[in-house]
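Heads up, the thing below is written out as structure tokens.
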Amino acid sequence: MAQKRLFTGLQPSGKLHIGNYFGALKPTVELFGDHDGLIMIADYHALTSLRRPEQLRANTVDVVGDYLAAGIDPSKAIIFKQSDVQEHTELAWIFDCLVSVPFLMQAHAYKDKVAKGIEANAGLFTYPMLMAADILLYDTDVVPVGEDQRQHVEYAREAAAKFNLAFGPTFKEPAELIQKEIAVVPGTDGKKMSKSYGNTIPLFAPTADITAAIVNIVTDSTGERPENVYAIHKLFKSDADLEPLYAANKNNYKALKEALIADMEVCFGPMRQRRASITEDQIKQVLADGAQKARALASAKMADVRKKIGVSL
Ligand code: ADP
Ligand code: TRP
């Protein structure tokens, strides 16, 4: 049986933290260990909310470097930028012409913005059809995403079904792969780690910044142990290892934080070294190779689509 094709996309949204590592990078690296597929940097999706060209450029380079350092093998996964393969925006337009406005109005990303009183741009409104194009151009079988993206994969299936009904069988209907078992990584204040809460521990920052983030973990002396430190420490060691350490160092938060810094270093030290050795030129080369491979697949698919809809004469 042929291998199933994976497709995943991520927005280039700035410096990654260890929550992103455990929630996104690590599972993706594991999946691509025994699957082929594509990883797309969704720069045109990012444009729905980002208007700083320098930042978009830097974030794109950073995120690709981070994925490579985390262990993505570019000979197995095609890593490319959405904007490098123009078929994505072209196919998105075709899907826009097949779905209705009320259907798009039910999409969470749009609904949430409106509920918050923020005016959505038209790009955000049609965002799910660009995402459908991303997925469907490559005859994708499986889309690994977080729970928040489930609806978008449903929308992709709907776009495929609408097209197939109107113009004949063309697109495969993809399935989402929701990674449920991945727990939410807590931040330095005990809430979900998120860049929007300013409670992150960076993945690839200089040692001094990582140390500072850990020193700043909020501790309180009311309980048996500093729970916020323990919760993060648990990502690196088992309860069986941690319990004696925390019992021996009751109230010695400094020693416990130092132990956490040392355990994190064992996990991330080699990855940080790899990250530091990856150059911008190497990253650009990976993206150039990826774009070429993705374009070959996407242009073959679009040739068929153009014929079917009647724009190829
Ligand atoms: P942030 O909340 O910092 O803005 P994003 O929304 O950009 O992070 O998330 C990017 C990816 O990282 C998503 O797949 C998301 O599920 C994962 N992720 C983000 N924060 C966490 C966390 N605290 N624990 C587990 N996974 C996370
Ligand atoms: N919308 C996704 C997010 O914000 C990113 C994305 C764009 C994507 N295109 C995709 C994810 C295709 C999976 C498949 O996280």
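Each ligand, and each atom within it, is numbered from 1 in the order the structure gives. The figures that follow rest on heavy atoms only: side chains count, while hydrogens, waters and symmetry mates do not.
- Between Phe103 and Tyr155, the ring centre distance stays below 6.0 Å.
- Those atoms of ligand 2 with a heavy atom of Val145 less than 4.0 angstrom away are 13 (C).
- Those atoms of ligand 2 that come under 4.0 Å of a heavy atom in Ile135, given as number and element, are 12 (C), 14 (C).
- Other residues, nucleotides and ligands place no more than 12 heavy atoms under 6.0 Å from the NZ atom of Lys26.
- If you check each of Phe7, Tyr127, Tyr138 against atom 4 (O) of ligand 2, the one with the closest non-hydrogen atom is Tyr127.
- Between Ala24 and ligand 1, no pair of N/O atoms sits closer than 3.5 Å.
- Between Ser196 and ligand 1, no N or O atom pair is found at a separation short of 3.5 Å.
- Crowding of Lys301 atom NZ: a count of heavy atoms from other residues, nucleotides or ligands under 6.0 Å exceeding 12.
- At a 4.0 Å cut-off, at least one heavy atom of Met40 sits close enough to ligand 2 to count as contact.
- Below 4.0 Å from some heavy atom of Gly23 lie the following atoms of ligand 1, by number and element: 25 (C), 26 (N).
- Only the side chain of Gln149 comes within 4.0 Å of ligand 2, judged by heavy-atom distances.
- The ring of His108 has its center no closer than 6.0 angstrom to the ring center of Tyr127.
- Residue-ligand proximity: Gly19 is placed with a non-hydrogen atom under 4.0 Å from ligand 1.
- Closest to atom 9 (N) of ligand 2 among all protein heavy atoms lies Asp134 OD2, 2.7 Å.
- Under the 6.0 Å cut-off for aromatic ring centres, Phe95 and Phe171 qualify, their centroids lying closer than that.
- Within the 4.5 Å cutoff, the side chain of Leu98 has heavy atoms near those of the Phe163 side chain.
- Within ligand 2, the atoms closer than 4.0 Å to a non-hydrogen atom of Ala42 are 7 (C), numbered from 1 in the order shown.
- With hydrogens left out, the protein atom closest to atom 5 (C) of ligand 2 is Gly9 O, 3.6 Å, a heavy atom.
- The nearest protein atom to atom 7 (C) of ligand 2, hydrogens excluded, is given as His45 ND1, 3.3 Å; this is a heavy-atom distance.
- Note: His17 and Tyr197 fail the aromatic proximity criterion, with ring centroids not under 6.0 Å apart.
- The shortest N or O to N or O distance between Val184 and ligand 1 is not below 3.5 Å.
- Those atoms of ligand 1 that come under 4.0 Å of a heavy atom in Met193, given as number and element, are 20 (N), 21 (C), 22 (C), 23 (N).
- Heavy atoms of Gln11 found under 4.0 angstrom from ligand 1: none, in either backbone or side chain.
- Within ligand 2, the atoms closer than 4.0 Å to a non-hydrogen atom of Val143 are 13 (C), 14 (C), numbered from 1 in the order shown.
- Contacts between Val153 and ligand 2 below 4.0 angstrom, taking non-hydrogen atoms only, are absent altogether.
- The distance from ligand 1 to the heavy atoms of Ser13 drops below 4.0 Å at these ligand atoms: 7 (O).
- Taking the six-membered ring where tryptophan is involved, the planes of Tyr138 and His88 are tilted, since the angle between them lies from 30° to 60°.
- Electrostatic pairing of Asp66 and Arg275 counts as a salt bridge here, judged by a charged N lying under 4.0 Å from a carboxylate O.
- At most 12 heavy atoms of other shown residues, nucleotides or ligands fall within 6.0 angstrom of atom CD in Gln86.
- For Ser194, heavy-atom contacts with ligand 1 shorter than 4.0 Å involve the backbone as well as the side chain.
- Of the listed residues (Lys307, Arg306, Lys308), just one forms a salt bridge (Lys or Arg N to Asp or Glu O under 4.0 Å) with Asp304, and that residue is Lys308.
- Ring pair Tyr21/Phe204: centre-to-centre distance not below 6.0 Å.
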